[in-house]
Amino acid sequence: MTTKPDTAPPGRPKDPRVDAALIEAAIEVLNEAGWAAFTTTAVARRAGASTASLYRRWPSKQALAGAVARHIALNELSGIDTGSLEGDVRELLTRKRRILEASTGPALLSLMGQAAHDPELRRILHDDVYLAVRGQLAALIAQAVRRGELGQAVGAAQMDVLALVVIGTTLARSAFLAPPTPDGAAATDPLDLAETELRLLLSVLTRTGASAPAP
């Protein structure tokens, strides 16, 4: 990925506690005020760190935003292996929903919404969100092929679209569907939506990855 934090100068090893504090502070600032108020100064102040310490790790606020996105994606989406393709895809969608419902959800949505207006941020999120989701889908499909659930891997073009669908439903849901009310009621049951998304993805995967005809 392209936005890994800079290596600290020789003789000054980075303190992972500072890294964690800065990431957490960045998430809090994004959640509270969005991209417009997301500055390195605000994040450093929230973390109780210096801006110099922040810049030793990330050279710009876009790079810091990429670190936030990567932190969310890698923590939540990696290491899925339930033993079946249906279980794996269900777990992927469950984790995606968990991201949105957790404190990191608004931060990630804020970054993704801003990417259309910021080429550097768009490039960073391409690497740290889109490629992470695409890579996880590819891993799940490869597992299904090894188990014999699919006869062949899904092609690159189909993988591109599947990753966009998984990410795009997240953005569309946040933009077009009302969030649950304080008593938990929602206009559309998110569990029904998740089950429908699961069935659609499995239908595409099983058709696309069906066994190739014998020569």
Side-chain angles (χ1 to χ4, degrees), residues 1-8 14-77 93 95-134 136 163-182 184 186-188 190 193:
M1 295 185 183
T2 60
T3 61
K4 292 180 180 178
D6 288 355
T7 302
K14 290 185 302 176
D15 184 342
R17 293 172 298 179
V18 176
D19 288 29
L22 287 167
I23 291 292
E24 184 61 31
I27 291 171
E28 290 175 2
V29 171
L30 280 167
N31 283 349
E32 291 174 8
W35 181 257
F38 183 69
T39 65
T40 52
T41 300
V43 171
R45 183 182 301 119
R46 176 67 63 92
S50 67
T51 52
S53 177
L54 188 153
Y55 283 128
R56 281 198 298 271
R57 292 161 170 81
W58 302 287
S60 67
K61 79 171 190 174
Q62 286 87 351
L64 174 58
V68 169
R70 184 170 60 252
H71 168 80
I72 295 170
L74 293 181
N75 276 8
E76 292 293 342
L77 299 181
L93 297 180
R95 293 189 187 188
K96 183 182 75 165
R97 189 171 69 250
R98 192 163 63 209
I99 289 173
L100 294 181
E101 293 172 352
S103 62
T104 54
L108 186 57
L109 290 172
S110 176
L111 293 178
M112 293 170 73
Q114 180 61 28
H117 311 288
D118 189 322
E120 182 183 354
L121 182 61
R122 181 168 62 245
R123 175 183 57 79
I124 288 170
L125 293 185
H126 171 272
D127 292 351
D128 292 327
V129 174
Y130 171 72
L131 290 185
V133 172
R134 191 186 188 284
Q136 186 57 40
L164 290 173
V165 168
V166 170
I167 297 169
T169 54
T170 300
L171 289 172
R173 195 171 299 168
S174 69
F176 302 131
L177 298 182
T181 59
T188 305
L193 289 173

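We're numbering straight along the sequence, starting at 1.
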Heavy-atom pair with the smallest gap, counting every atom of Ala107 and Ile27: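 Closest approach of Ala107 to Ile27, heavy atoms only: CB-O, 4.0 Å.
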So, do [X] and [Y] sit near enough that their side-chain heavy atoms are less than 4.5 Å apart?
| X | Y | value |
| --- | --- | --- |
| Arg123 | His126 | no |
| Ser53 | Arg57 | yes |
| Ile124 | Leu111 | no |
| Ile23 | Trp58 | yes |

According to side chain to side chain contact (heavy atoms under 4.5 Å, CB included), who are the partners of Arg45, at least two apart in sequence or on a separate chain? Thr41
Please enumerate all residues that pass side chain to side chain contact (heavy atoms under 4.5 Å, CB included) together with Ala25, with sequence neighbours excluded.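 Testing Ala25 for side chain to side chain contact (heavy atoms under 4.5 Å, CB included), a comparison that skips the adjacent residues, returns Val43, Arg46, Ala47.
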Show which side-chain atoms of residues 33-40 pair as donor or acceptor with protein atoms under 3.5 Å away, not counting sequence neighbours.
{"residue": "Thr39", "atom": "OG1", "partner": "Ala42", "partner atom": "N", "Å": "3.0"}
{"residue": "Thr40", "atom": "OG1", "partner": "Tyr55", "partner atom": "OH", "Å": "2.8"}

Do the side chain of Ser110 and the main chain of Pro106 share a donor and acceptor less than 3.5 angstrom apart?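 No; zero donor-acceptor contacts below 3.5 Å.
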Identify, with sequence neighbours excluded, every residue that meets side chain to side chain donor-acceptor pair (under 3.5 Å) alongside Asp118.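 Once residues adjacent in sequence are excluded, the partners of Asp118 under the side chain to side chain donor-acceptor pair (under 3.5 Å) criterion are Gln62.
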In chain order, what residues pass the side chain to side chain donor-acceptor pair (under 3.5 Å) check against Arg122, with sequence neighbours excluded?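 For Arg122 there are no side chain to side chain donor-acceptor pair (under 3.5 Å) partners, ignoring immediate neighbours.
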Got a second to check how far [X]'s [atom1] is from [Y]'s [atom2], nearest 0.5 Å?
| X | Y | atom1 | atom2 | value |
| --- | --- | --- | --- | --- |
| Asp128 | His71 | CG | NE2 | 12.5 Å |
| Thr51 | Arg56 | OG1 | CZ | 9.5 Å |
| Leu193 | Thr169 | CG | OG1 | 9.5 Å |

Excluding sequence neighbours, so at least two apart, what forms salt bridge (Lys or Arg N to Asp or Glu O under 4.0 Å) with Lys96? Glu197
Take Leu108 and Val129 through the side chain to side chain contact (heavy atoms under 4.5 Å, CB included) test and state the conclusion after the steps. CA-CA 9 Å; Leu108 186 57; Val129 174; 4.1 Å; yes
